[in-house]
Structure formats: structure tokens, C-alpha cells
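Note sheet for the following structure.
Quick caveat: nothing in here was measured; it's all calculated off a predicted structure. Just follow the structure's listing: the first ligand is 1, and inside any ligand the first atom is 1.
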Amino acid sequence: EKDGHDWFMRKEIFEQPRAVADSLLGRRTADGLLQLDEMRLSDDDIREVDKIIIIACGTSFYAGMVAKYAIEHWTRTPVEVELASEFRYRDPILDYSTLVVAISQSGETADTLQAIRHARTQRSKVLAICNTNGSTIPRESDAVIYTHAGPEIGVASTKGFLTQLVACYLLALYVAQVKGTRYGDEITEIIHQLEEMPDHIATVLESAETVYELARTHLNTKSVLFLGRHAGYPVALEGALKLKELAYIHAEGFAAGELKHGPIALIEEGLPVLCVVPPQGRDQLHEKMISGIQEVRARGARTICLAEEGDTSIEPYADVLIRLPRVPVLLQPLVAIVPLQLFACELATAMGHDVDQPRNLAKSVTVE
Ligand code: M6R
């Protein structure tokens, strides 16, 4: 049942190329337009949407953070991302023109469920992004995008996360198609790029052994920091969550630009800092990330950098360099998270921990 793997988590990490491909399957009509089976919101409903609020917990929340960048960029619709557990308590501004998107792998998370119930009392439309057919959250939503990752057994979300990202990109492109904020050709081009992602993810998985070796040199590590910018920022947060959940090591993710506003004080000799480097040549994002990496390294950090193939400018500042395939910045989370999953999984198992059932955690959290 684990397909020759020692843990469900590892099996699920290696299933990701297939899961992402399945998640993309059957989403287009014969004439190339995007279609989402259980969308159930009319084009008029979508045109009416003037604000999107994404609610989720844990890893699903980080998928929501990536979604914000994609939705705002492609649709020009303002997006807020909120932890489901906080949502109701701030008296959020909601009405019929607000689309609430609930992201939940299990479809049973109590915090997320209560949040959508609240949204519905305020007449907002609710769309669920969910991996579990017939679970409570999609049943109580107006529309659903199922992620089709297949059952996720490991408590730590892996293929669930990647397929949530795919569903978020599809939602963003669908809204762009309906609202006409992007040309059809451009949407088709992005879908093609998405269709190439399973191969890119497979390429990253081919170098798993290198990441495992690296992980095994961190058995006595007390703390690890993760840095990212733009769509790489949620990747940093998710990489840190994986390490906390599985290896019980203190880990924190930061937006690289925030370093100088405080966290840089944490840097000390030998502290491992995992850096998600954005693709080159866009809005100075890359240059700014490099200068952040230079700064932590100058203060003694040991930099482990994930950077795209062909990026030579990072070489002088990376103590360890892990290569990623060249993909557009908004899609980079699909490949950049994979080495971080492998790192946490291997480090935790080498420490003797049960990665399928980490201490104190449950697969679906059905209490608020
Ligand atoms: O089933 P959900 O997506 O609603 O679950 C949300 C979180 O509980 C979940 O992502 C949790 O953070 C995982 N253990 C992460 O690996």
C-alpha cells in the first residue's frame, strides 16, 4: 500500500507529479476554454464578484497566500487571505459581491467550516477547494473545485498542497476568462506551463538523495530559518511548518525583506537558513533576495539556497545550492516546496520520528 516506500508521507511526496497531472485533467473544453465541473456559479455571479476572501488553516492557508498573488495578478480582483480561526471574530465585511474561497484538504476542518457558515449568513458566495469528495465543507458550499490528489494519509500535507495550488491557479484563470482580464491566448499559455509542471516536479524528485544527505547533516540542529519573497514567501512558511510538524525542530519562515526589521538579530554563526530564490529578471525581486542572502551570510548563517537552473549570481552566496527547474515566478511554489518536503521528511525519519503520525497532531482537526 505504500508502493515500496517506508512512509505514506514519502509515497505521497513521490506521487506529486501524478497528483498534479490528475488535478489538471479534464479542465478544458474542445475549443480550449477552461471549464470547472462543479463551479455552479454563473458567469454573472462571477462578474459580480468585487472581492475574494480566502479562508483556510495550516498548509491550506499557505496555498491561499500563493493564490492571492495569482488571482490579483491575473484578475485584478482584490484578495484577502485569512486564517479561518480568526475570520468570524473580526466581524468581516461581507455581502453578495464577496466570493469566499475555503481551502481544505479534508473538507472537515471545524475552523474553516464555521467560517463558511458565517459567510453564508452574510449572503456571500462560497467556493470550496477540497480533496475529499462529499465532505462537509464542499457540501455546504455553492461551488467546489476538487483537487483530485487521491487520499492523503500522512498527517503532513504534501500532494494535498500542490494540488490546492493547481486548483487556485485554475480558479484564478477561470475568473480571468469570465471577467476578460486576460486574453484567451495568454490563459492558454499559462495552462500549457501548468501542464509542464508534473515533469518539472519529477525532475526535482530525481535529486531527492542529495536533499536527504543534506538533511542527515542537520540531526543536531536546534533551529532553522526559511526566507522567501513574493510567491516564495508562503513556500518559506510551509517549509518551516513541515519541519516543526515532523522533526519538532524550531523553524520560522520570513519574508526576506522583513529581515532587517527584526529577525536578522536571530542570525548567529552556523545557523541554517533555507532561501527560496525567485526566478531571475523580474522587478528586482531576484536581486533583492540575493542581497538579503548576502546579509545573513555575512553574519554567519549557513545558506542553503533553492535557485533556478542557470542562475549563477547566487553561487558566491550559497553554502549549499539546490537547483530548481526554470518556471514562471507564480508557478515556482509547485517546484520549490518539494525539496523542503523531502528535507523535513528525511530529517524527521533519520531522527527516529513517525512522519505519518507526528506527535500531538491529527489529520483532520474537527474541533475549533
Ligand atoms: O484539511 P485541511 O486542509 O483543512 O487542514 C488544514 C490544516 O490542519 C493542515 O493543513 C495542517 O496544517 C497539516 N498538518 C499541514 O501539514
Distance under 4.0 Å to a non-hydrogen atom of [X]: what atoms of ligand 1 satisfy this?
X: Ser60; value: 2 (P), 3 (O), 10 (O)
X: Ser157; value: 15 (C), 16 (O)
X: Ser104; value: 1 (O), 2 (P), 3 (O), 4 (O)

Identify, for [atom], the protein heavy atom at the shortest distance, and state residue, atom and that distance.
atom: atom 13 (C) of ligand 1; value: Glu245 OE2, 3.5 Å
atom: atom 1 (O) of ligand 1; value: Ser106 OG, 2.7 Å
atom: atom 6 (C) of ligand 1; value: Cys57 O, 3.3 Å

Legend entry - Residue of the set Arg120, Arg123, Lys125 for which salt bridge (charged side-chain N to carboxylate O under 4.0 Å, His left out) holds with Asp142: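 Of Arg120, Arg123, Lys125, salt bridge (charged side-chain N to carboxylate O under 4.0 Å, His left out) with Asp142 is met by Arg120 alone.
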Inset, instruction - Tell me, please, which residues at least two apart from Asp319 pass side chain to side chain contact (heavy atoms under 4.5 Å, CB included). - result: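 Only Arg297, Arg302, Thr303 meet the side chain to side chain contact (heavy atoms under 4.5 Å, CB included) criterion with Asp319.
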Legend entry - Which residues share a side chain to side chain contact (heavy atoms under 4.5 Å, CB included) with Glu269, sequence neighbours left out: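 Listed in chain order: nothing, the list is empty.
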Legend entry - Polar atom proximity, Lys363 to ligand 1 (N or O, under 3.5 Å):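 No; the residue has no nitrogen or oxygen that sits under 3.5 Å from a nitrogen or oxygen of the ligand.
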Legend entry - Any N or O of Val155 closer than 3.5 Å to N or O of ligand 1: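 It does: an N or O of Val155 is found under 3.5 Å from an N or O of ligand 1.
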Legend entry - Lys179 and Glu48 ion-paired at < 4.0 Å: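 Answer for the salt bridge query: no.
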Inset, instruction - Start with the C-alpha gap between Ser42 and Asp45, add the side-chain angles, then the distance that decides, and say whether side chain to side chain donor-acceptor pair (under 3.5 Å) holds. - result: CA-CA 5 Å; Ser42 69; Asp45 286 338; 3.3 Å; yes
Legend entry - Side chain Tyr69, main chain Val329, donor-acceptor under 3.5 Å: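 No: the side chain of Tyr69 does not pair with the backbone of Val329.
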Legend entry - Flag, side chain of Arg76 to backbone of Glu72, donor-acceptor distance under 3.5 Å: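 Between the backbone of Glu72 and the side chain of Arg76 there is a qualifying donor-acceptor contact (under 3.5 Å).
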Legend entry - Proximity winner for atom 4 (O) of ligand 1, if only heavy atoms of Thr109, Thr59, Val365 are counted: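 Nearest option to atom 4 (O) of ligand 1, by heavy atoms: Thr109.
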Inset, instruction - Give the contacting part of Lys242 toward ligand 1: side chain, backbone, both or neither, where contact means a heavy-atom distance below 4.0 Å. - result: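 Just the side chain.
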